[in-house]
Amino acid sequence: MSLNKKSVDDINVKGRRVLVRCDFNVPLKNGEITDETRIVAALPTIKKLIKDGGKVILCSHLGKVKNGPNEGESLAPVAKRLSEKLGKDVKFVDDYNVTGAAATGAVEAMKEGDVVLLQNTRFRGKEETKPEEAGEAFAKELADLADDYVCDAFGSAHRAHASVAVVTKYIKEKGGNNAVGYLMQKEIDFLGNAVENPVRPFVAILGGAKVADKLNVINTLLEKCDTLIIGGGMAYTFLKAKGYEIGNSLLDDSKIDYCKEMMEKAEKSGKKLLLPIDTVCIDEFPNPIDNPSIATTIVDSDKIPSNKEGADIGPKTIELYSEAVKSAKTVVWNGPMGIFENPVLANGTKEVAKALSETEATTIIGGGDSAAAVNQLGFADKMSHISTGGGASLEFLEGKKLPGVYAADDRA
């Protein structure tokens, strides 16, 4: 998984137009950005290209854009925040076609060190389509705006979208470079090394709601790690596979046999597979999800009452999991231990995060809810690396080839 890809340090961009695919899919409330983490993460690459005299053309998607272009999903607020962060004007091209005359004109007028931000790539409506369909034409138009291309959007790297992977074909055809940015390089280095060349003991922690979401990851990590810790909603299918009563807890009936297989695989290969030994139970799922007025009962995991549901790991499990992390040299964590959005049911996730923050191991948080939990609980600055892509990091840990990574040129 050690990928020898061209990075922004390997290309000379002076006087050249550089299209940079960023991940500016930021949360917005009433037109205001509520979390600027992804903008901040993109700054090192953008600043490097400005400093080197490139003409920097930024593009990104934002939201799902199910009902066509709309001001609520415009990248205008991102342009404003970027201007503040860079200390220079970022020209925003409010063109719903994304690569139309307004974009072409803005790029033609650029001087060295200038920055232009194109409108939401999904406004075009062809971003996510298969390459052989109209997405191919969109990719070519994006490439026509630039001389070189840099992908710094790890959160989208597992999708073969027009602005992520297909565009590289047309850049290559015109003799340009396809490189990765600093953020992508960091993801490749941390996640790649964690899976292929971990410093041992290597502990993997998987949580979240569904076993189905992590089928291949469980299998792959059991082959790579020394200890696999299971928490969150997915743990109850494993407990059911052990023959335990799990009450109204989350269950994926179709995956019970798979869980049995994984437990057998761990035993045969001499790996530890840790499951919750006690559980925080509730009467019903909180509504709203952050309702603090919720009654809990702690029981052993083989004694969950038939009328209750598991919602977090209990204190004995917290101790077991924290102890397993203490001696680790590498830890990868993807998925919370319980309903962490609720203050009463966040303790398991918080304590696991705390244990990771106190270890000397390389700690890698696999994006998504885990990243949100670590940020929300105040442990972000204690982690070695927090991935910017939940789905992408999972697929990377599975050993899948991510289109956005593999589309970049190899170093000579």
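Small disclaimer: the values here were computed from a predicted structure and weren't measured. Hydrogens, waters and symmetry mates play no part in the numbers below; they use all other heavy atoms, side chains included. All residue numbers in this chain count up from 1 along the given sequence.
The salt bridge (Lys or Arg N to Asp or Glu O under 4.0 Å) analysis of residues 21-32, with sequence neighbours excluded, yields the pairs R21-E127, D23-R38. Here ring pair (Phe, Tyr, Trp, His ring centres under 6.0 Å) pairs that include residues 173-218, with residues two or more places apart or in two chains, are F190-H385. Pairs engaging residues 40-54 under the salt bridge (Lys or Arg N to Asp or Glu O under 4.0 Å) rule: D9-K48, K48-D52 [sequence neighbours left out].
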Worked verdict on K91 versus D114 for side chain to side chain contact (heavy atoms under 4.5 Å, CB included): CA-CA 8 Å; K91 182 172 176 54; D114 282 355; over 6 Å; no
Side chain to side chain contact (heavy atoms under 4.5 Å, CB included) between W333 and V352, worked out: CA-CA 10 Å; W333 179 21; V352 167; 4.2 Å; yes
Residues T296, L345; criterion side chain to side chain contact (heavy atoms under 4.5 Å, CB included); working and verdict: CA-CA 9 Å; T296 61; L345 305 170; 4.0 Å; yes
Candidate pair L28 and I33, rule side chain to side chain contact (heavy atoms under 4.5 Å, CB included), full reasoning: CA-CA 5 Å; L28 293 171; I33 298 166; 3.5 Å; yes
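A salt bridge between E36 and K85 is present, with a side-chain N of the basic residue lying under 4.0 Å from a carboxylate O of the acidic one. A salt bridge is defined here as a Lys NZ or Arg NE, NH1 or NH2 lying under 4.0 Å from an Asp or Glu carboxylate O, and K265 with E223 meets this definition. Using a cutoff of 4.0 Å between basic side-chain nitrogens and carboxylate oxygens, E319 and K316 are not scored as salt-bridged. We find that K140 and E136 are not joined by a salt bridge, their nearest charged nitrogen and carboxylate oxygen being 4.0 Å or further apart.
Put simply, the side chain of D148 never gets that close to the backbone of V150: no donor and acceptor are under 3.5 Å apart. The closest donor-acceptor contact from the side chain of D409 to the backbone of N178 lies under 3.5 Å. Between the side chain of R17 and the backbone N or O of L145, at least one donor-acceptor pair lies under 3.5 Å. Within the 3.5 Å criterion, the main-chain N or O of K354 finds a donor-acceptor partner in the side chain of S357. Proximity of a side-chain donor or acceptor of K88 to a complementary backbone N or O of G113 within less than 3.5 Å is detected. Judged purely by atom type and a 3.5 angstrom limit, S249 uses its side chain to pair as donor or acceptor with the backbone of G310. Counting only distance, with no hydrogens or angles, the side chain of T349 and the backbone of M337 share a donor-acceptor pair below 3.5 Å. In this structure, T330 contributes its side chain and T362 its backbone to no donor-acceptor pair below 3.5 Å. Counting only distance, with no hydrogens or angles, the side chain of S83 and the backbone of D89 share no donor-acceptor pair below 3.5 Å. Using modelled atom types, no side-chain atom of D35 and backbone atom of V26 make a donor-acceptor pair closer than 3.5 Å.
With contacts defined as side-chain heavy-atom distances shorter than 4.5 Å, the pair K255/M262 does not qualify. Looking at heavy atoms from C-beta onward, E141 lies in side-chain contact with R124 at the 4.5 angstrom threshold. Residues I304 and Y244 have side chains not in contact (no heavy-atom distance under 4.5 Å, counting atoms from C-beta outward). Within the 4.5 Å cutoff, the side chain of L356 has no heavy atoms near those of the V374 side chain. At least one side-chain heavy atom of F138 sits under 4.5 Å from a side-chain heavy atom of T121. Two residues are said to be in side-chain contact when any heavy atoms from C-beta on lie closer than 4.5 Å; P305 and V299 meet this criterion. Here the side chains of D147 and V13 are not in contact, with every heavy-atom distance at 4.5 Å or above. With contacts defined as side-chain heavy-atom distances shorter than 4.5 Å, the pair L191/S387 qualifies.
Here the straight-line distance linking atom NZ of K303 with atom OG1 of T279 works out to 11.5 Å at 0.5 Å rounding. Interatomic distance, CG of L274 versus CG of L320, reported as 5.0 Å (0.5 Å rounding). Between I205 atom CD1 and S370 atom OG the span is 9.0 Å, to the nearest 0.5 Å. Rounding to the nearest 0.5 Å places CD1 of I39 at 10.0 Å from SG of C22. Of the inter-residue distances, the one linking K382 atom NZ with S384 atom OG reads 12.5 Å to the nearest 0.5 angstrom. A distance of 5.0 Å separates CZ in F123 from CG in N70, rounded to the nearest 0.5 Å.
Residues Y321 and L275 share a closest heavy-atom pair of OH-C, 3.0 Å. Here the shortest heavy-atom pairing between N375 and A380 reads OD1-CB, 3.1 Å. Contact detail for A328 and V203: the closest heavy-atom pair is CB-CG2, 3.6 Å. Of all heavy-atom pairs between S163 and V167, the closest is O-CG1, 3.8 Å. The heavy-atom pair separating D278 from S301 by the smallest distance is N-OG, 3.1 Å. The nearest pair of heavy atoms linking I277 to T317 is N-OG1, 2.9 Å.
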Let me check something: any side-chain donor-acceptor pairs from residues 282-290 under 3.5 Å, sequence neighbours excluded? List them with distances.
{"residue": "D283", "atom": "OD1", "partner": "K308", "partner atom": "NZ", "Å": "2.4"}

Quiz: residues 228-243 side-chain donor-acceptor pairs under 3.5 angstrom, not counting sequence neighbours:
{"residue": "Y236", "atom": "OH", "partner": "A311", "partner atom": "N", "Å": "3.4"}
{"residue": "T237", "atom": "OG1", "partner": "D252", "partner atom": "N", "Å": "3.0"}

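Heavy atoms from other residues, nucleotides or ligands lying under 6.0 Å from NZ of K329 number 12 at most. Around the CD atom of E173, the shell of radius 6.0 Å holds more than 12 heavy atoms that belong to other residues, nucleotides or ligands. Counting non-hydrogen atoms of neighbouring residues, nucleotides and ligands closer than 6.0 angstrom, the NZ atom of K272 reaches no more than 12 such neighbours. With a 6.0 Å radius and a threshold of 12 heavy atoms from other residues, nucleotides or ligands, K271 has its NZ atom above the threshold. Atom CD of E112 is surrounded by more than 12 heavy atoms from other residues, nucleotides or ligands within 6.0 Å.
With L221 as the partner, the side-chain contact (heavy atoms from CB on, under 4.5 Å) test is satisfied by one option alone out of V217, I218, N219: V217. No option in K172, K6, K5 other than K5 meets the salt bridge (Lys or Arg N to Asp or Glu O under 4.0 Å) test with D410.
Judged as a ring-ring contact (aromatic ring centres under 6.0 Å, His included), and not counting sequence neighbours, F24 has no contacts.
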